[in-house]
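What follows is one structure encoded as structure tokens, with my remarks underneath.
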Number of protein chains: 2
Amino acid sequence: MQRLDIKSALTRREAAKKPPEDKSPCSACSVRHLTVCAALDESELAEVSAISKTIELAAGGPLFDEGEKASNLYNVTAGTIKIYKLLSDGRRQVTGFLFPGDFVGLANESLYAYSAEAVTVCTVCRFSRRELEPLLDRHPKMERRLLGMASHELAAAQEQMLLLGRKTAKEKIASFLLSLSQRAQDRGQSGNPVTLAMSRTDIGDFLGLTTETVSRTFTHLRSAGVIVLHPGGKVEIPGINRLREISEGL
Amino acid sequence: MQRLDIKSALTRREAAKKPPEDKSPCSACSVRHLTVCAALDESELAEVSAISKTIELAAGGPLFDEGEKASNLYNVTAGTIKIYKLLSDGRRQVTGFLFPGDFVGLANESLYAYSAEAVTVCTVCRFSRRELEPLLDRHPKMERRLLGMASHELAAAQEQMLLLGRKTAKEKIASFLLSLSQRAQDRGQSGNPVTLAMSRTDIGDFLGLTTETVSRTFTHLRSAGVIVLHPGGKVEIPGINRLREISEGL
DNA sequence: TCTCCGCCTTGATTTACATCAATGGCAAAC
DNA sequence: GTTTGCCATTGATGTAAATCAAGGCGGAGA
């Protein structure tokens, strides 16, 4: 398990310069059909453009930290982001990975309940909460869509609780690979082979395992011929049906 | 860990007769300020009354099952309900306990993603999804409130992932007791002593532990003088600050 | 009142995974 | 080209919690 080293966290933060951009070409957004903005027509889209700002994040760059004032919301448009929570002694739980089309920053209370950090180079679309709320008031379609996305995330969170509380290491890794594969497919990318953009440590912190156990479990699945590990984090899954069985404990 | 025994589940289900009632005195609802309905004025409340129906559940009675068509939504008005998911071999993860004011049944897809079952005798308020949706369209306030509740649940789910993935048995039990205590207080009930309405098995299935470990951990906290176990599931917490420290791993 | 049964507790033993430790590969920095 | 440092892998050992096992207690029902 990764225990956060404060010094390295600061270094990482400094390293992550964010060169901001300015144009917001929502109507040309390639992942719009996956986002909150899917529900909008051209004129509504213009309103959204007016209050949104495109931002680039370097790999490792922080988007926001747990406990910070939740003044912005973000749409991921490119790259992979992780969200996580920490215990005071540095134990970490990654509670989700976000891909293009995903939405971050909903906070019922006024503070973020988790931290968000870029795993790869990322592009996100930023909205200030103050400006977005009146827009939601005027466009119930958008709010409905947001509620739908929140429900969907809630269901995913419950699935993840089942994984964390009751699955074995092998079942966890199998479920993780299948879920990544599915999400890649949903985005029109290859579901097989699937690319793992994140480190073994991040995977471990997502699945409630250590790096070593993650690595050993990959090795085990490889030996069993269920997966093939290629360079660049590419994982081929010749035994995808077998992987499905494993993920269910069969 | 409880592995679901089909026979006993059926017995339990038959045992749970639900004598339905008919009146819906929303305006007299004692937990309204905690629910979706908090946002509503008198005339809106009347509309809600018109499409809601009060239902009583015996202890152990099922509300709905995972995979069932999600045609209803429910507001809990009295009692405790558990929601859970199962693996095919019977391993169970309780993903939440619901108390008066809580809302169940949101399902983005058309099927419930989990099962819901009464822990104690319960009263719930039922809405059909078909009738509720147009009402939400007309009352954005209510939809906004629902989004707020969903965000809140999402934050709770993430906290629970941190617990499941990274906390020790002792930390899990401590966090659990504190969270129940807080929720009781939010409802104007005693936070100390706090009453545990659910069995050790349910607690274990919620925390990713076995009954035995739950029991041993309670014993350990009792020996340490942090809690006192009284009959009827009442837990007194003389060392509530100590319990806070324990829950954080200090 | 007695019996039964489910729930809780406690003890002995096992085990899946964590921890500790060492090494190799690769990419960035010098 | 060499060094540095991160990341992944693999092996040896330790341990928290699971599993297996045995009573005890209290409420429901005869």
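Source: prediction; values computed, not measured. Reminder, nothing fancy here: chain letters follow the sequence lines and each chain counts from 1. We use all heavy atoms of the structure for the numbers below, so side chains are in, but hydrogens, waters and symmetry mates are not.
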Query raised in the report: CZ of A:Arg200 versus C1' of D:dT10: gap in Å, rounded?
Result: 14 Å
Report task. Hey, can you tell me if B:Tyr74 and B:Phe64 have their rings parallel, tilted or perpendicular (30° and 60° cut-offs)? Result -> parallel
**Report entry** Rounded distance in Å - CE (A:Met198) to P (D:dA8)
**Finding:** 11 Å
**Report entry** For atom CZ of B:Arg91 and atom C1' of D:dA18, their distance in whole Å
**Finding:** 13 Å
**Report entry** Euclidean distance, atom NE2 of residue A:His220 to atom P of C:dA16 [Å, nearest integer]
**Finding:** 12 Å
Requested in this report: Grab the CZ-P distance between A:Phe218 and D:dT9 for me, whole Å please.
Outcome: 8 Å
**Report entry** Length of the CG-C1' vector between A:Leu207 and C:dA18, whole Å
**Finding:** 15 Å
Query raised in the report: Under 4.0 Å between a side-chain N/O of A:Arg216 and OP1 or OP2 of D:dT10, yes or no?
Result: no
Query raised in the report: Quick one: B:Ile203 CD1 to C:dT9 C1', roughly how many Å, whole number?
Result: 14 Å
Query raised in the report: Distance under 6.0 Å and angle within 45° of the ring axis: does A:Arg92 meet both against A:Phe206?
Result: no
Report summary line: Residues A:Ala197 and A:Thr80: closest non-hydrogen pair is CB-OG1, 3.9 Å
Query raised in the report: Within less than 4.0 Å of OP1 or OP2 of D:dT10, is there a side-chain N or O belonging to A:Ser215?
Result: no
Query raised in the report: Counting side-chain heavy atoms from CB outward, which of D:dA18, C:dT9, D:dT10 is closest to B:Thr213?
Result: D:dA18
Query raised in the report: Think A:Arg183 forms a cation-pi with A:Phe99, using NZ or CZ under 6.0 Å from the six-ring centre and within 45 degrees of its axis?
Result: no
Query - Proximity to the side chain of A:Thr211 - top-ranked nucleotide from D:dT10, C:dT9, D:dT9 - result: D:dT9
Report summary line: Closest of C:dT9, D:dG11, C:dC8 to the B:Leu229 side chain is C:dT9
Query raised in the report: To the nearest Å, how far apart are B:Lys172 NZ and D:dA17 P?
Result: 7 Å
Report task. Go through D:dT19, C:dT9, C:dA18 for me and flag the one nearest to the B:Thr210 side chain. Result -> D:dT19
Query raised in the report: Would you say the side chain of B:Arg222 and the base of C:dT10 hold a donor-acceptor pair, judged only by whether the two atoms sit under 3.5 Å apart?
Result: no
Query - Exceeds 12 heavy-atom contacts within 6.0 angstrom, atom NE2 of B:His230 - result: yes
Requested in this report: Under 4.0 Å between any heavy atoms, over every strand shown, what does B:Gly233 touch: base, sugar-phosphate, or nothing? Just pick one.
Outcome: nothing
Requested in this report: Could you check which of C:dC17, D:dA18, D:dG11 has an atom nearest any side-chain atom of B:Leu209?
Outcome: D:dA18
Report summary line: Checking D:dT10, D:dA17, C:dC17 against the side chain of B:Thr168 (C-beta onward), the nearest is D:dA17
